[in-house]
Number of protein chains: 2
Amino acid sequence: MAAPTPTRPRRRGHDPESVLSIAVHVFNERGYDGTSMEDLARALGVTKSAIYYHVPGKEQLLGRALDRALDGLFAMVADERAAAGPAIERLEWVVRQSVRILVDRLPYVTLLLRVRGNSVTEQAALERRREFDRFISRLVKEAAADGSLRPDVDPALVTRLLFGTVNSIAEWYEPARGNASPDDLADALLKMAFNGLRSRPAAQG
Amino acid sequence: MAAPTPTRPRRRGHDPESVLSIAVHVFNERGYDGTSMEDLARALGVTKSAIYYHVPGKEQLLGRALDRALDGLFAMVADERAAAGPAIERLEWVVRQSVRILVDRLPYVTLLLRVRGNSVTEQAALERRREFDRFISRLVKEAAADGSLRPDVDPALVTRLLFGTVNSIAEWYEPARGNASPDDLADALLKMAFNGLRSRPAAQG
DNA sequence: TTGTCAACTGACCGAATGTTCGGTAAACAC
DNA sequence: GTGTTTACCGAACATTCGGTCAGTTGACAA
């Protein structure tokens, strides 16, 4: 006889996961505060009250989304490749991985980048984000200290410009369209930020 | 006898200008949709209804703010220095001016960069912004076409990364604090974007 | 056929929203 | 003083908000 299906087949309708991903999509379109539960219901094809069967409420939806973004970033900085080797190489690796995470988890990271701290949920996310930023900041300072970065620009400023560039990808990137792959994107970004846009008469090796 | 003061002394209280600047400040703190008229009233030190004596409503407040940002940007692209000379030099000038405008009109530009198109006011601002972006895009393409930019990165991508970097300044710049001046900021940004962060054994001229 | 239960509806709640309006106190003009 | 204007208050407005809850539906098991 057939074994009782171990994970229930979820024969139709939504589950917490599908609600989250659709909700985050709408949050990014209209902004979290600009999105009503009615808007979400419409996007899900159900009534408002059905949402509460799957998730506890609007703010928890936001919290779960922000955690997805932050968990990805913290998993990266915990990797040994962010801790061992020359600072400049670790920095390049972290930039490349940041681009990858941003693209892989685009809607979640986009949401994170727009958080202003209007609730405890947002404040908690902001605090985790600041911790990530401090890690990056330290890494840039190390690279500057060992002479790998040009000495005429303040490392704190480099950190902001470099990761400002990375984060700005969230403003326009659409994976479906004919956009560059995450790797090509990271290549272009690293070329610009580390070697410069200007064409050179004869390049170094 | 004293001539009747030509511009009324506005003996006390607010005027449309002070309401706008304080409102925009609060909009940037909490987001436009996250800001209630009650929030604005509190920041202004009056009741909600007093606001309507000075301005027609919340959305018009937003509209006026967005126009301040956009007018600044369009005044720049109308300048002859954006139209004459080698493309690469015009591009550098436009980047530098963009940084200056962003800093000069920081709260207004910040607000503009967060608009998502939730109302006709926002949609109109988005359309004007897209027109500005098209101008920039053309300029980068010209610089690429005449060989001033490295040929191994798509000009459309360069546009997004370069102005993504510029716009990201709005996320952290605080003029009051010990931040760099607009000029120093533009210098650092141009050094990174055009010449690269990497220190070089021997520099070119 | 009966019962169970996941998934949902529709009516509703209190609170908050942007906005309006009648009134009013202080400053000024004469 | 008398009248007018400026800048505001307080109460109320209709609407929308996030959220609750009793009930219904339809797939499945026994």
Side-chain angles (χ1 to χ4, degrees), chain A residues 1-24 26-27 29-66 111 116 118-122, chain B residues 1-24 26-27 29-65 111 118-122:
Chain A
M1 48 214 63
T5 44
T7 62
R8 228 76 67 71
R10 291 267 176 233
R11 46 195 177 283
R12 55 179 66 219
H14 293 286
D15 60 14
E17 181 58 39
S18 71
V19 171
L20 179 62
S21 74
I22 293 177
V24 169
V26 181
F27 286 163
E29 248 174 26
R30 303 163 121 80
Y32 174 75
D33 285 311
T35 303
S36 68
M37 292 303 275
E38 192 60 57
D39 290 330
L40 294 187
R42 207 173 303 122
L44 287 161
V46 297
T47 56
K48 250 196 324 173
S49 43
I51 301 174
Y52 291 91
Y53 178 76
H54 299 291
V55 293
K58 193 187 177 190
E59 195 168 341
Q60 288 81 358
L61 226 27
L62 177 64
R64 290 180 194 187
L66 297 177
L111 206 53
R116 304 273 132 223
N118 287 354
S119 62
V120 281
T121 301
E122 298 198 1
Chain B
M1 48 214 63
T5 44
T7 60
R8 227 75 68 68
R10 290 265 176 236
R11 48 197 178 284
R12 57 178 64 220
H14 292 286
D15 61 13
E17 181 56 38
S18 73
V19 170
L20 180 61
S21 74
I22 294 176
V24 169
V26 182
F27 286 163
E29 250 175 24
R30 306 164 119 79
Y32 174 76
D33 285 311
T35 303
S36 69
M37 293 303 276
E38 191 61 55
D39 291 331
L40 293 186
R42 206 174 303 121
L44 287 161
V46 296
T47 56
K48 263 197 303 179
S49 46
I51 301 174
Y52 290 89
Y53 178 77
H54 299 289
V55 293
K58 195 187 178 190
E59 195 169 342
Q60 288 82 357
L61 226 28
L62 177 64
R64 289 180 194 187
L111 205 52
N118 287 354
S119 62
V120 281
T121 303
E122 298 197 1

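Below, read A as the first sequence line, B as the second, and so on, with proteins coming before strands; counting in each chain starts at 1. Predicted model only: the values in this text are computed from it and were never measured.
Closest-nucleotide positions on DNA chain D for B:His54 and A:Asp33 were compared, and the one nearer the 5' end corresponds to B:His54.
Taking atom CZ on A:Arg30 and atom C1' on D:dC17, their separation rounds to 15 Å, with Å as the unit. Taking atom CD1 of residue B:Ile51 and atom P of nucleotide C:dT20, one finds them 13 Å apart after rounding to whole Å. At whole-Å resolution of the value, OH in A:Tyr52 and P in D:dG23 are 22 Å apart. Across the protein-nucleic acid pair, A:Leu61 atom CG and D:dG19 atom C1' stand 14 Å apart, rounded to whole Å. Atom-to-atom, CZ of A:Arg42 to C1' of D:dT16 comes out at 12 Å; the value is rounded to the nearest Å. Distance CD (B:Glu38) to C1' (D:dG10): 12 Å, rounded to an integer number of Å. The interatomic distance linking B:Met37 (CE) with D:dG10 (C1') rounds to 16 Å, in whole Å. When the P atom of C:dT9 is taken as reference, atom CG of A:Leu44 falls 10 Å away, rounded to whole Å.
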I'd like to know whether A:Val24 forms a side-chain contact (heavy atoms from CB on, under 4.5 Å) with A:Ser21, so could you lay out the CA-CA distance, the side-chain angles of the two residues, the decisive distance to 0.1 Å, and finally the verdict.
CA-CA 5 Å; A:Val24 169; A:Ser21 74; 5.9 Å; no

Run the side-chain contact (heavy atoms from CB on, under 4.5 Å) test on B:Asp39 and B:Glu29 for me, step by step, so that the C-alpha distance in whole Å, both residues' side-chain angles and the decisive distance to 0.1 Å come before the verdict.
CA-CA 11 Å; B:Asp39 291 331; B:Glu29 250 175 24; over 6 Å; no

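Minimum atom distance to the side chain of A:Lys48 is reached by D:dG18, of the listed C:dT19, C:dC8, D:dG18. Set against D:dC8, C:dG18, C:dA7, the side chain of A:Tyr53 has C:dA7 as its closest nucleotide.
Scanning atom types as modelled, no donor and acceptor separated by under 3.5 angstrom connect the side chain of B:Lys58 and the base of C:dT19.
In this structure, A:Ser36 reaches the sugar-phosphate backbone alone: every heavy-atom distance under 4.0 Å involves primed, P, OP1 or OP2 atoms, never a base.
No option in A:Leu61, A:Leu40, A:Leu62 other than A:Leu40 meets the side-chain contact (heavy atoms from CB on, under 4.5 Å) test with A:Thr35.
Checked by atom type and distance alone, the side chain of B:His14 pairs as donor or acceptor with a backbone atom of B:Leu44 at under 3.5 Å.
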